[in-house]
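One structure is given here, and the rest of the page talks about it.
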Amino acid sequence: MEFKLGKNNRFRLTGMDVFLIIVLFVWILIVYQIFWADTGDEKSKSNANLNGKTEIVFWHAMGGPLGEAMDKLINQYNNNPNSKCYVKTINMGGYDTLQKKLLASLIANEAPDIAQCFETLTKKFIKHKKIVCIDDLIEADIKEGKTNEDIRKDIIPALRINNTFAGKLYSFPFNKSVQVLYYNKDMFQEVGLDPEKPPRTFKELREYCQKIVDFYKAKGEKDKYGYGCAKSNNWSFLNRIKANKGYIVKRDTDGTLKCGFNEKAAIDSLTFLQDMLKDGLAKEGQAFDHQNEFMAKKCGIIESSVTSKIYMNPDFRLGMAPVPGIEDESLPGGVYRSTILSGTNICIFNNNDPKKIEGAWDFIKWFTNTENGVDWSIGTTYMPVRISSVNSEKMKQKMKEDPNLNAIYGYLDNLAFEPRITAWFEIRDLIADYLERCTLEHKDPKIYCAEMERDINAMLKHVTDTDDNKELGNVD
């Protein structure tokens, strides 16, 4: 490409020059979008910045009723004369946008003071020394006589492990959810099932779905089915593997990482769903289609996040239960259950301002304390992060008033979480691709499990993370 500046002045741009100009232009646009364009709701929900307190900026992705519950608590903190800072919330609109902007902030050195983070991203921030170690803050509080309480001992064990990196607590659990079973009690009663006895095992789940389908077929209502789920649902698939006593990723005896996607637990998990779909007992939908059909009484049973309860207001009796497991007569109740945590944690960014760090830590301790942890859980159905919140009289009373909440605590001893390895986001996308192929092609599930193992183990060979098996989520 050649440009004329005058009679005898010319300059030529090569293809590489044009490419670099385009890259620079795109980068300018990205930076603009991150730091100067509208980043969501930058308006704090409090009335005013009280008494000139240190302001801390909180990037989050909480919307709808969940965001309203969070804002209510933050308002209380901001209006509390004893609070050490003023929290300004900035809603990024969604987790994907939040994570991308946090990564960009690392490069541009423009991080917020606190933010919701997934574990894999937390590891990146630790590596680049961008976040404050929570363990150090706890130790400082104890050493300086600010408290006699070691908060770490009050965190639900799986949540504590989930936020521990290289032996130290670097982030604090914030909005943690589990998957539960939702079922239509009225439909159960109509088809002859006991509405107070939800399916406990995968075998029972299939039997219940068969009874629902057979009952409505006999009445000529062929559009009703037993079980609904979302297409390519990673979380459900991984939960079933754990409930079948399998593992996602573990460190072998020789120190190498390997996945469990071609072992019996994974094969059984994929086969179970494929057989249900093939036999017309289940149906997959996009996004929340299955939840909508459940609300429309077309479907009797669904699995979804415990926070889905907030969005449901059915005109039938709603039942909730822990997700099914497998028979194990050695255990009380004869069933083994396990589920994988979802949701984010809170990180404090090291912006070289001791007052902001002190204020951020004060806010986190306040937000997650026993009483506020109960209010957060009741307002959102997220899990409380502290043992004292679970055992509080207020929580016990709420669970007595709404027995459905007991579903959240059906497997506290067997909570797991997804591997925190740096390649996990890419591996997760690969799993979704295989789940979609399996549904579309209807081949033997063993084929997809073998291919998943091959491709994922090839990726794991290049992972340098040093997490042990507990830190990889194998806590059951």
Side-chain angles (χ1 to χ4, degrees), residues 178-219 221-246 263-285 289-291 293-294 297-304 318-329 331 333-340 407 410-411 414 435 438-439 441-446 448-449:
V178 292
Q179 199 169 53
V180 296
L181 203 71
Y182 294 92
Y183 64 99
N184 184 331
K185 287 187 174 185
D186 291 347
M187 184 180 286
F188 270 38
Q189 186 167 339
E190 184 181 11
V191 304
L193 294 167
D194 188 336
E196 303 307 323
K197 291 184 179 179
R200 302 176 309 135
T201 66
F202 295 116
K203 180 182 177 183
E204 285 183 357
L205 177 58
R206 182 182 172 90
E207 290 171 352
Y208 280 38
C209 290
Q210 187 71 63
K211 191 154 190 174
I212 290 170
V213 169
D214 289 347
F215 177 86
Y216 288 111
K217 269 189 179 178
K219 292 180 64 177
E221 299 180 48
K222 297 181 179 180
D223 62 333
K224 293 192 176 181
Y225 56 100
Y227 169 81
C229 60
K231 286 182 181 292
S232 308
N233 193 320
N234 269 316
W235 194 19
S236 289
F237 176 54
L238 298 176
N239 272 322
R240 281 194 295 274
I241 292 175
K242 295 302 297 183
N244 273 302
K245 294 189 176 183
E263 299 196 16
K264 186 177 186 301
I267 294 170
D268 287 351
S269 299
L270 192 53
T271 301
F272 170 79
L273 178 59
Q274 290 308 107
D275 285 350
M276 292 269 283
L277 292 168
K278 181 180 65 178
D279 296 338
L281 305 180
K283 182 178 173 183
E284 288 186 317
D289 286 350
H290 65 297
Q291 189 168 305
E293 296 212 333
F294 175 69
K297 306 178 190 176
K298 291 183 178 180
C299 171
I301 306 168
I302 61 170
E303 285 177 1
S304 191
L318 178 68
M320 289 172 62
V323 291
I326 57 173
E327 294 179 5
D328 187 334
E329 295 301 326
L331 296 174
V335 179
Y336 175 86
R337 288 187 171 106
S338 181
T339 190
I340 289 176
Y411 18 54
N414 277 324
L435 294 178
C438 188
T439 301
E441 298 170 357
H442 300 291
K443 294 180 182 177
D444 187 341
K446 291 180 180 178
Y448 306 101
C449 287

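All values derive from a computational prediction rather than experimental measurement. Any value given below was found using the heavy atoms of this structure, including those in side chains, with hydrogens, waters and symmetry copies removed. For this chain, numbers begin at 1 and follow the sequence in order.
- Note that CD1 of I212 is 5.0 Å distant from CZ of F188, once rounded to the nearest 0.5 Å.
- You'll find the side chain of E293 reaches within 4.5 Å of the side chain of K283, heavy atoms only.
- Summarising the geometry, atom SG belonging to C229 is positioned 11.0 Å from atom CG belonging to D289; distances are rounded to the nearest 0.5 Å.
- Expressed to the nearest 0.5 Å, how far SG of C299 lies from OH of Y225 amounts to 4.5 Å.
- Closest non-hydrogen pair, N184 versus F294, comes out as N-CE1, 3.6 Å.
- Contact of the Q274 side chain with the T439 side chain is registered, since non-hydrogen atoms from C-beta on lie closer than 4.5 Å.
- To the nearest 0.5 Å, atom OG of residue S236 and atom NE2 of residue H290 are 7.0 Å apart.
- With contacts defined as side-chain heavy-atom distances shorter than 4.5 Å, the pair F237/L273 does not qualify.
- For the atom pair K297 NZ and D223 CG, the distance stands at 13.5 Å (nearest 0.5 Å).
- Salt bridge annotation for D214-K211: absent, with no cationic side-chain nitrogen under 4.0 angstrom from a carboxylate oxygen.
- Here the CD1 atom belonging to I301 is positioned 14.5 Å from the OH atom belonging to Y182, to the nearest 0.5 angstrom.
- Contact of the Y183 side chain with the L205 side chain is not registered, since no non-hydrogen atoms from C-beta on lie closer than 4.5 Å.
- For D444 (side chain) and K446 (main-chain N/O), a donor-acceptor pair under 3.5 Å exists by modelled atom type.
- Of the residues K298, E190, K222, E221, the one that meets the side-chain hydrogen bond (donor to acceptor under 3.5 Å, both in side chains) test with Y216 is E190.
- In this view, D186 and R317 satisfy the side-chain hydrogen bond (donor to acceptor under 3.5 Å, both in side chains) rule, not counting sequence neighbours.
- In this structure, L281 and Q210 have side chains that are in contact, with non-hydrogen atoms separated by less than 4.5 Å.
- Side-chain atoms of S232 do not come within 3.5 Å of backbone N or O of L435 as any donor-acceptor pair.
- The two atoms that bring P324 and P199 nearest to each other are CG-O, 4.3 Å, heavy atoms only.
- In terms of heavy-atom proximity, A265 sits nearest to G246 at CB-CA, 3.4 Å.
- Although no hydrogens or angles enter the test, the distance criterion places no donor-acceptor pair under 3.5 Å between the side chain of R240 and the main chain of L270.
- Contact annotation: the side chain of N244 approaches that of F202 to within less than 4.5 Å [non-hydrogen atoms, C-beta and beyond].
- Heavy atoms only, all atoms of each residue included: Y336 and K242 are closest at CE2-O, 3.4 Å.
- In this structure the side chain of T339 never reaches within 4.5 angstrom of the side chain of P322, judged on heavy atoms.
- Applying the side chain to side chain donor-acceptor pair (under 3.5 Å) test to residues at least two apart or on different chains, the pairs with a partner in residues 196-207 are K185-E196, R206-D279.
- In this structure a side-chain-to-backbone donor-acceptor pair under 3.5 Å is missing from E303 to V323.
- At least one donor-acceptor pair closer than 3.5 Å links the side chain of N239 to the backbone N or O of I340.
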